[in-house]
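Below is one structure; the comments refer to it alone.
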Amino acid sequence: MSSLAVPQAEPVAGSRPGTTQGRPPLRRRIALIPTVTLLLGALYCLLPVAWVVIAATKSGRELFSTFTFLPGTGFVDNFQDLTAYRDGVYWEWMGNSALYAVLGALLSTCVSAFSGYALATYRFRGREAIFNVLLAGVLMPPVILAIPQYLLLAKADLTDSYLSVLLPQILSPYGVYLARIYAAAAVPADVVEAGRMDGASEWRIFTRIALPMMTPGMVTVFLFQFVAIWNNFLLPYIMLSDDEKFPITLGLFTLLEQGANTPALYTLVITGAFLAVLPLVALFLVIQRFWSLDLLSGAVKS
């Protein structure tokens, strides 16, 4: 009896032998885990922002009576009431925050650039000890330093002044750490030595050679410091008593406390919080564009 050969089905195009048709490979399913995790993290971070944006559009009555993520019709009225509150004290708070954040971040970036370049380029006794102390400062919670800083500035009679908020922000251990790491990676020692052999001073080498190479890292330090100072609450809360010098964080906190007795102020707090986020978003978008341009220019130069 002759045996009949049973024809075998050919594999479908795009499928691998030994895998179930229609089911993605195990490696591809595992690769989706980081993406799903990032999406969940983004949702967790953006959900409060979405709530603030939507709640800022609601009037006082709509805030407590409508669905949470249903937009309202009171944003213009909320904005006008916030502007008129105490003759526009909210915009004084915004101006104070801009002063603290811009000036403090610029000074901190300059100090970080000088210190990081020196620690990365020069060899001197005690360099590693200084760097280790800076690393210890990175690990130190700011709440531990707030009271000693207040006592020091009180001895100098600088409390309840703009300097009492600016001075503690100038030295950033984390900024110095980033500047040293970036300077060591971005500024070749041969280029520095070539500048010295050509007779350039140390200041000229730093400003004309090293600093342009360190610019992307310094932009990162500026962004971190700007966001940290803009969002800082504890230091102004301890240092300041005059509400005309308050930053936006402390000003909104006082509004929130008053809202316990005057519920109508809740809409002003939410609208003010929404407006306070906009400068950070704008700064990030501008700096992101700068990063892209810097990377492109670096690729062209290379």
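Numbering starts at 1 and runs along the sequence shown. Just so you know, these numbers come straight off a predicted model, no measurement behind them.
- Using a 3.5 Å distance cut-off with no hydrogens or angles, the side chains of K245 and S161 do not pair a donor with an acceptor.
- For R61, there are no salt bridge (charged side-chain N to carboxylate O under 4.0 Å, His left out) partners two or more places apart in sequence or in a different chain.
- Heavy atoms only, all atoms of each residue included: A146 and L234 are closest at CB-CD2, 4.0 Å.
- Residue pairs meeting the side-chain hydrogen bond (donor to acceptor under 3.5 Å, both in side chains) criterion with at least one partner in residues 118-129, sequence neighbours excluded, are Y122-E202, E128-R180.
- Annotation: side chain of T249 is not in contact with side chain of N232 (no heavy-atom distance under 4.5 Å).
- In the hydrophobic cluster analysis, where Ile, Leu, Val, Met, Phe, Trp and Tyr join through side-chain heavy atoms closer than 4.5 angstrom, V53 is grouped apart from V76.
- To the nearest 0.5 Å, atom NZ of residue K58 and atom CZ of residue F64 are 10.5 Å apart.
- Atom CG of L235 sits about 8.0 Å away from atom CG of L153, to the nearest 0.5 Å.
- Smallest separation of non-hydrogen atoms from A56 and I270: N-CG2, 3.7 Å.
- Rounding to the nearest 0.5 angstrom, the gap separating the OG1 atom in T159 from the OH atom in Y150 is 5.0 Å.
- The hydrophobic cluster containing L70 also contains W51, counting ILVMFWY residues as joined when their side-chain heavy atoms lie under 4.5 angstrom apart, directly or transitively.
- Taking each heavy atom of A105 and T109 in turn, the nearest pair found is O-OG1, 2.6 Å.
- The side-chain heavy atoms of S172 and V176, taken from C-beta on, include no pair separated by under 4.5 Å.
- Y90 is listed as a side-chain neighbour of I248, based on a closest heavy-atom distance under 4.5 Å.
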query: Given the rule in the side-chain contact (heavy atoms from CB on, under 4.5 Å) test, do L178 and F224 qualify, once you have shown the distances and angles that lead to the verdict?
result: CA-CA 11 Å; L178 287 181; F224 285 168; 3.9 Å; yes
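- L240 approaches S164 most closely through the heavy-atom pair CD2-OG, 3.8 Å.
- Ring pair Y162/Y100 is tilted by interplanar angle, where 30° to 60° counts as tilted.
- The ring of F114 has its center closer than 6.0 angstrom to the ring center of F206.
- Within 6.0 Å of CG on N132 lie more than 12 heavy atoms contributed by other residues, nucleotides or ligands.
- For the side-chain hydrogen bond (donor to acceptor under 3.5 Å, both in side chains) condition, the pairs that include at least one residue of residues 73-86, sequence neighbours left out, are E62-T73, T83-W91, Y85-Q258, R86-D243.
- A heavy-atom distance below 4.5 Å is not found between the side chains of T35 and L38.
- Under the 4.5 Å side-chain criterion, counting only non-hydrogen atoms from C-beta, V89 is not in contact with E244.
- Residue I238 is not grouped with residue L152 when hydrophobic side chains (ILVMFWY) are merged at heavy-atom distances under 4.5 angstrom, including chains of intermediate members.
- By the 30° and 60° cut-offs, the orientation of the rings of F226 relative to F222 is tilted.
- I54 has its side chain within reach of F69: a pair of non-hydrogen atoms, C-beta onward, lies under 4.5 Å apart.
- More than 12 non-hydrogen atoms from other residues, nucleotides or ligands lie less than 6.0 angstrom from CG of D198.
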task: Please step through side-chain contact (heavy atoms from CB on, under 4.5 Å) for the pair M214 and V187, ending with a clear verdict.
output: CA-CA 7 Å; M214 296 170 58; V187 182; 3.8 Å; yes
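- Residues F253 and V269 have side chains not in contact (no heavy-atom distance under 4.5 Å, counting atoms from C-beta outward).
- Hydrophobic clustering, with ILVMFWY side chains joined whenever heavy atoms are under 4.5 angstrom apart, groups Y237 together with L145.
- Residue Y177 places its OH atom among 12 or fewer non-hydrogen atoms of other residues, nucleotides or ligands, all under 6.0 Å distant.
- Of the possible donor and acceptor atoms, none in the side chain of S115 sits under 3.5 Å from a partner among the backbone N and O of S112.
- Taking CD1 of I170 as the reference point, atom CD of Q225 lies at 10.5 Å (rounded to 0.5 Å).
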message: Run Y174 and L139 through side-chain contact (heavy atoms from CB on, under 4.5 Å) and show every step you take.
response: CA-CA 9 Å; Y174 187 61; L139 302 176; over 6 Å; no
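- In this structure, OG1 on T37 lies 8.5 Å from CG on L39, to the nearest 0.5 angstrom.
- Atom OG1 of residue T271 and atom CG of residue L265 lie 11.0 Å apart, to the nearest 0.5 angstrom.
- When hydrophobic clusters are built by joining Ile, Leu, Val, Met, Phe, Trp and Tyr residues whose side-chain heavy atoms come closer than 4.5 Å, directly or via intermediates, L47 is not grouped with Y44.
- A pairwise comparison of heavy atoms in A120 and A184 identifies CB-N, 3.8 Å as the closest pair.
- The minimum heavy-atom distance between L163 and P168, with the atom names listed, is O-CD, 4.0 Å.
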- prompt: Can you list the steps and then say if I130 with F124 is a side-chain contact (heavy atoms from CB on, under 4.5 Å)?
  reply: CA-CA 11 Å; I130 295 174; F124 53 89; 4.0 Å; yes
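- Residues L275 and L82 are in side-chain contact: their nearest non-hydrogen atoms beyond the backbone lie under 4.5 Å apart.
- With hydrogens and angles ignored, the 3.5 Å screen pairs a side-chain donor or acceptor of W230 with a backbone N or O of A276.
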